[in-house]
Enquirer: 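Sending over a structure as structure tokens; questions will come in a sec.
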Number of protein chains: 2
Amino acid sequence: MTDFAATAADLDAADPLGHWPGRFVPAGDDLVAYLDGNSLGRPPRDLPAALDAFVRGPWADRLIRGWSEGDEPWMDWPLLVGDELAAAALGAAAGQTIIADSTSVLIYKLARAALSLSGPERDEIVLDAHNFPTDRYLLEGIAAETGRVLRWIETDPELGVTPELVAEVVGERTALVLASHVAYRSGYLAEAAAITAVAHDAGAPVLWDCSHSVGSVPIMLDAWEVDFAVGCGYKYLNGGPGAPAFGYVAARHHDHARQPLQGWMGHAEPFVMGPGYRPAAGIRGFVTGTPPILAMVPLRLGIGDVAEAGIEAVRTKSLALTDFALSMIDELLVPRGVRLGSPRDHDHRGGHLTISRTGFEELTPRLWARGVIPDFRRPDGIRLGLSPLTTRFAEVARAIEVVVEELDRV
Amino acid sequence: MTDFAATAADLDAADPLGHWPGRFVPAGDDLVAYLDGNSLGRPPRDLPAALDAFVRGPWADRLIRGWSEGDEPWMDWPLLVGDELAAAALGAAAGQTIIADSTSVLIYKLARAALSLSGPERDEIVLDAHNFPTDRYLLEGIAAETGRVLRWIETDPELGVTPELVAEVVGERTALVLASHVAYRSGYLAEAAAITAVAHDAGAPVLWDCSHSVGSVPIMLDAWEVDFAVGCGYKYLNGGPGAPAFGYVAARHHDHARQPLQGWMGHAEPFVMGPGYRPAAGIRGFVTGTPPILAMVPLRLGIGDVAEAGIEAVRTKSLALTDFALSMIDELLVPRGVRLGSPRDHDHRGGHLTISRTGFEELTPRLWARGVIPDFRRPDGIRLGLSPLTTRFAEVARAIEVVVEELDRV
């Protein structure tokens, strides 16, 4: 039997990103392995000082002047931090990305914006039947209120959206294609460029939900000719619970696409406060309310960390982590009746793996009680989220050993 | 000539809330008087420690378990903190208030929810022609997308909405009345109960924007039979730049009103992740995305401060501050050509005063350069925002003395 603990120690020792877990606030001693950084990332060690500095500095001292004065006036933050993320992790030129709202609110805004590009003859919204619930629920509501229907991509739940499956359902009635770059359950990494091209061939724009890829898998929004994209700030970007999300709108759509939440911060001249809404030029017209400045402080740190480590190095570590986990799953878990619910090949593998077995719903709290923290996804999946900057190989080894011990106790 | 500095010193010495300004993080020595706490409040002195404790405690230690475990699982926070605010400052029973999104996004959601209560025969949205821009812009967009028209309440910009003015424009075509409880410019305090009754007599619900009253003026949403309300977290509640807002929906509307941003956090069973959106019962159905937990940490402190001081005591101090400012305006500024653009009587006076004069746009940066920080509102208004927990009478005295000095230098 392979000595996985020894292998993990070797991998950690040789890991060029091996110092990164030490740059995050340590958890208590009861935490043995955190395998849910794909759901809620860990706080950077520098964060308490950064928050303290923000509260005592710009906020307490500059007060209302913070919006307009200083090196980085807060009015600029939605675009400034958006551009920082775009450069670090989105493959997007400046001026196309904002930080604002929750992921769900941004999906609503950008889906509505995408629909504003076509007329009523395009009455179908195409989306993955196994997409993350908030995407499905939001589009269900949008379809109802805009007189459209949902057209489902019938994906394999243990895989994800493919160009072939999308090609089967798009056509001249398609108003929008919404899909996840990395599937929340299987971790399937979609061929974003090819799927975007399939949608474009049918004359439809694409909205990519990058919640499970941003900060973990390289994204090339501009090169892939993506139209719209959103993603979470609190997963691999470590922005903290409920961190604001990002929204991307390709520059070619800025003058045409219109989102309906036309608040003052998206106005061309917000402080003129005159009659009539007139959207700001560029991506700013997609901002709605007062931007969540304080909540961007942790997110900026997290984005800076990805920039410093480099998204390609992050991806290399991510694949090494999932490769190692797969070797343990194959040797230790498959013989115990566990099924891999995620792709094996690198080209279609995101940052997390899902393993399935009857009884995993009951197993999960027992893992938690032993300080091994993955999450459970119905009906029978345990997600092993391996966040490259915060997860050590040793955690993976120990976590799967504990799974084995608990399975053998049944 | 009255010795206003001496009067201010006496008022500060006798002020039962006089210790409160010392409970906030001091600004730098260059700040002489901060009169914009109605736009961005100050950080509580306890906030850096609270943020540090949150990052190192629940976030770093509990990690994903924070959503479901501990004394106050984060899943409960939108309603938990909403109820704290409801008890401290809204006069609302539990279970009707959430903390979520920006004020603008909540206006969109609750206005759409209000419109869902009536049919197409009610095709007019009634709102104050001088309401805050984001309210007007959002409703302009909503009218366009729902096939309704805007019907303006032609208010005096130096006063605000009255029952009589509202009665002139509401009727059987009214789908919704939107107004501000305290006008952002004049500070006019509207008769919310009477106006709500006028709207109800016409069969229409009311959405009150309480951004400029919450935490400063007592609000009795339940007793006034208000239908919907929203308000800012970063003004008198001191929640920090871009703090999340509150939204209130009266319990009687929970089963009928529907908002269109149907995200997973408003689903009856968010973690079942099944097909089809089914709104949660009660106010939770008005939540959309993952709630901004970290951003609620400062807001909770601010709400706790209002609860501890007591909203009636806050209001008493507020009126004393504006009374004192008015005495100085009358004696020192009116003879220098300054006009009061705010109501004089307590019953219609909110927490801030606007003074107007030609040249005030140019005067404002000179005041700022001297450490006196009000804000400017076009065309010629300077707003003196007097935040009861953070403003000393001495600041008011010094600020108006500086206005006098600068006017006399012209």
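To find a chain, count down the sequence lines: A is the first, B the second, and so on, and within it residues start at 1. As the structure is a prediction and not an experimental result, all values here were calculated from the model. Both backbone and side-chain heavy atoms feed into the values below; hydrogens, waters and symmetry mates do not.
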Enquirer: Quick one: what part of B:Glu140 sits under 4.5 Å from any heavy atom of chain A, side chain, backbone, both or neither?
Expert: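 Contact with chain A is through both the backbone and side chain of B:Glu140.
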Enquirer: Do you know which of B:Thr134, B:Leu139, B:Asp135 has the most heavy-atom pairs with chain A at a distance under 4.5 angstrom?
Expert: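 The candidate making the most pairs under 4.5 Å is B:Thr134.
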Enquirer: Looking only at heavy atoms, which two atoms of A:Ala60 and B:Pro26 are closest? And how far apart?
Expert: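 Closest pair (atom of A:Ala60, atom of B:Pro26, distance): CB-O, 4.2 Å.
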Enquirer: For B:Arg136, which atoms come within 4.5 Å of any heavy atom of chain A: side chain, backbone, both, or neither?
Expert: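 Only the side chain of B:Arg136 comes within 4.5 Å of chain A.
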Enquirer: Answer with side chain, backbone, both or neither: which region of B:Arg112 has an atom nearer than 4.5 Å to a non-hydrogen atom of chain A?
Expert: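 The answer is the side chain of B:Arg112.
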Enquirer: Pair B:Thr290, A:Ser102 - check side chain to side chain contact (heavy atoms under 4.5 Å, CB included), show working.
Expert: CA-CA 7 Å; B:Thr290 303; A:Ser102 64; 5.7 Å; no
Enquirer: Taking every non-hydrogen pair under 4.5 Å, which of A:Pro270, A:Gly141, A:Pro241 racks up the most with chain B?
Expert: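 Looking at each option in turn, the highest pair count goes to A:Pro241.
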Enquirer: Please look at B:Asn238 and chain A and tell me whether the side chain, the backbone, both or neither of the residue comes under 4.5 angstrom of a heavy atom of that chain.
Expert: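 For B:Asn238, the contact with chain A is made by the backbone alone.
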Enquirer: Using non-hydrogen atoms only, which part of A:Arg42 is less than 4.5 Å away from chain B: side chain, backbone, both, or neither?
Expert: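 The answer is both parts of A:Arg42.
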Enquirer: Only pairs of heavy atoms separated by less than 4.5 Å count here; which of B:Gly274, B:Pro275, B:Ala53, B:Ala49 has the most with chain A?
Expert: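 Of the candidates given, the most pairs with chain A belong to B:Gly274.
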Enquirer: Suppose we screen for side-chain contact (heavy atoms from CB on, under 4.5 Å). Which residues come up paired with A:Pro279, at least two apart in sequence or across chains?
Expert: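 If we apply the side-chain contact (heavy atoms from CB on, under 4.5 Å) test to A:Pro279, skipping adjacent residues, the hits are A:Arg258, A:Tyr277.
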Enquirer: Just give me the residue among B:Ser39, B:Gly37, B:Pro260, B:Pro58 that pairs up with chain A most often, heavy atom to heavy atom, under 4.5 Å.
Expert: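 Ranked by heavy-atom pairs under 4.5 Å with chain A, first place is B:Pro260.
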Enquirer: Under 4.5 Å from any heavy atom of chain A, what part of B:Leu138 do you find: side chain, backbone, both or neither?
Expert: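 Both backbone and side chain of B:Leu138 come within 4.5 Å of chain A.
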Enquirer: Just so I understand: if I count every heavy-atom pair under 4.5 Å between each of A:Gly57, A:Ser104, A:Ala100 and chain B, which residue has the most?
Expert: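 If we count pairs closer than 4.5 Å to chain B, A:Ser104 comes out on top.
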Enquirer: Among A:Asp30, A:Thr288, A:Val297, which residue forms the greatest number of heavy-atom pairs with chain B at distances under 4.5 Å?
Expert: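 With the most close heavy-atom pairs to chain B, the winner is A:Thr288.
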Enquirer: Using non-hydrogen atoms and a 4.5 Å limit, figure out which bit of A:Leu63 sits close to chain B: side chain, backbone, both or neither.
Expert: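 The answer is both parts of A:Leu63.
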Enquirer: Relative to chain A, which segment of B:Arg56 carries a heavy atom at a distance below 4.5 Å: side chain, backbone, both, or neither?
Expert: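 When you check distances to chain A, atoms from both the backbone and side chain of B:Arg56 fall under 4.5 Å.
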Enquirer: Give a yes or no on whether the backbone of B:Gly28 and the side-chain of A:Asp61 come within a donor-acceptor separation of less than 3.5 Å.
Expert: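 Confirmed, A:Asp61 side chain pairs with B:Gly28 backbone.
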Enquirer: Need one label for B:Thr103: side chain, backbone, both or neither, based on atoms under 4.5 Å from any heavy atom in chain A.
Expert: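 Neither the backbone nor the side chain of B:Thr103 comes within 4.5 Å of chain A.
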Enquirer: For A:Phe376, is it the side chain, the backbone, both, or neither that has a heavy atom closer than 4.5 Å to a heavy atom of chain B?
Expert: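 When you check distances to chain B, no heavy atom of A:Phe376 falls under 4.5 Å.
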Enquirer: Of the backbone (N, CA, C, O) and the side chain (C-beta and beyond), which part of B:Pro43 lies under 4.5 Å from a heavy atom of chain A, both, or neither?
Expert: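 Both backbone and side chain of B:Pro43 come within 4.5 Å of chain A.
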Enquirer: Could you look at B:Asp375 and say if it's the side chain, the backbone, both or neither that has a heavy atom under 4.5 Å from chain A?
Expert: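 B:Asp375 has no heavy atom closer than 4.5 Å to chain A.
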Enquirer: Checking side chain to side chain contact (heavy atoms under 4.5 Å, CB included) between B:Pro133 and each of A:Met265, A:Glu269, A:Met273, which is the one that passes?
Expert: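 The residue from A:Met265, A:Glu269, A:Met273 that satisfies side chain to side chain contact (heavy atoms under 4.5 Å, CB included) with B:Pro133 turns out to be A:Met273.
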Enquirer: For B:Leu40 and A:Trp59: C-alpha separation, side-chain torsions, deciding distance, then whether side chain to side chain contact (heavy atoms under 4.5 Å, CB included) applies.
Expert: CA-CA 9 Å; B:Leu40 176 65; A:Trp59 179 4; 4.1 Å; yes
Enquirer: Under a 4.5 Å heavy-atom cut-off, does chain B meet the side chain of A:Trp77, its backbone, both or neither?
Expert: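 Nothing of A:Trp77, per the 4.5 Å heavy-atom cut-off to chain B.
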Enquirer: For B:Ser68, is it the side chain, the backbone, both, or neither that has a heavy atom closer than 4.5 Å to a heavy atom of chain A?
Expert: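 Only the side chain of B:Ser68 comes within 4.5 Å of chain A.
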Enquirer: Could you go step by step and tell me if B:Trp368 and A:Glu69 meet the side chain to side chain contact (heavy atoms under 4.5 Å, CB included) rule?
Expert: CA-CA 11 Å; B:Trp368 280 32; A:Glu69 295 189 348; 3.6 Å; yes
Enquirer: Would you give the length of the straight line joining atom NZ of B:Lys109 to atom OH of A:Tyr108, rounded to the nearest 0.5 angstrom?
Expert: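 If we round to the nearest 0.5 Å, B:Lys109:NZ and A:Tyr108:OH are 11.0 Å apart.
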Enquirer: Counting only heavy atoms closer than 4.5 Å, note whether A:Pro244 contacts chain B via side chain, backbone, both or neither.
Expert: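 No part of it gets close to chain B.
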Enquirer: What part of B:Leu261 is in contact with chain A, defined as an atom under 4.5 angstrom from a non-hydrogen atom: side chain, backbone, both or neither?
Expert: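 For B:Leu261, the contact with chain A is made by backbone and side chain together.
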Enquirer: Go through A:Gly263, A:Gly276, A:Gly66 and name the one with the most non-hydrogen pairs under 4.5 angstrom from chain B.
Expert: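 With the most close heavy-atom pairs to chain B, the winner is A:Gly276.
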Enquirer: Check step by step if side chain to side chain contact (heavy atoms under 4.5 Å, CB included) holds for A:Asp101 and B:Asp101.
Expert: CA-CA 6 Å; A:Asp101 308 314; B:Asp101 308 314; over 6 Å; no
Enquirer: Tell me, side chain or backbone of A:Arg377 under 4.5 Å from chain B's heavy atoms, or both, or neither?
Expert: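 Just its side chain gets close to chain B.
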Enquirer: Less than 4.5 Å to any heavy atom of chain A: does that hold for the side chain of B:Val272, its backbone, both, or neither?
Expert: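 Both parts, backbone and side chain.
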Enquirer: What distance do B:Phe54 atom CZ and A:Leu47 atom CG have between them, rounded to the nearest 0.5 Å?
Expert: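 Result: 10.5 Å between the selected atoms.
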Enquirer: Considering only heavy atoms and a distance below 4.5 Å, find which of A:Ala295, A:Gly41, A:Ala243 pairs most often with chain B.
Expert: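 Going by pairs under 4.5 Å, I would pick A:Gly41.
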Enquirer: B:Phe132 versus chain A, heavy atoms under 4.5 Å apart: side chain, backbone, both or neither?
Expert: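 For B:Phe132, side-chain heavy atoms alone lie under 4.5 Å from chain A.
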Enquirer: Can any side-chain N or O of A:Asp52 pair as donor or acceptor with the backbone N or O of B:Pro48 at less than 3.5 Å?
Expert: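 Flag not set: sc A:Asp52 to bb B:Pro48 has no pair under 3.5 Å.
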Enquirer: Counting heavy-atom pairs closer than 4.5 Å to chain B, which one of A:Ile142, A:Val55, A:Leu51 comes out on top?
Expert: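 The candidate making the most pairs under 4.5 Å is A:Val55.
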Enquirer: Quick one: CD1 on B:Ile64 to CG on A:Asn38, what's the gap to the nearest 0.5 Å?
Expert: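 Between atom CD1 of B:Ile64 and atom CG of A:Asn38 there are 8.0 Å.
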Enquirer: Does any backbone or side-chain atom of B:Arg62 lie under 4.5 Å from a heavy atom of chain A? Answer side chain, backbone, both or neither.
Expert: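 Contact with chain A: none, neither part.
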Enquirer: Side chain, backbone, both or neither: which part of A:Gln262 has a non-hydrogen atom closer than 4.5 Å to chain B?
Expert: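 When you check distances to chain B, atoms from both the backbone and side chain of A:Gln262 fall under 4.5 Å.
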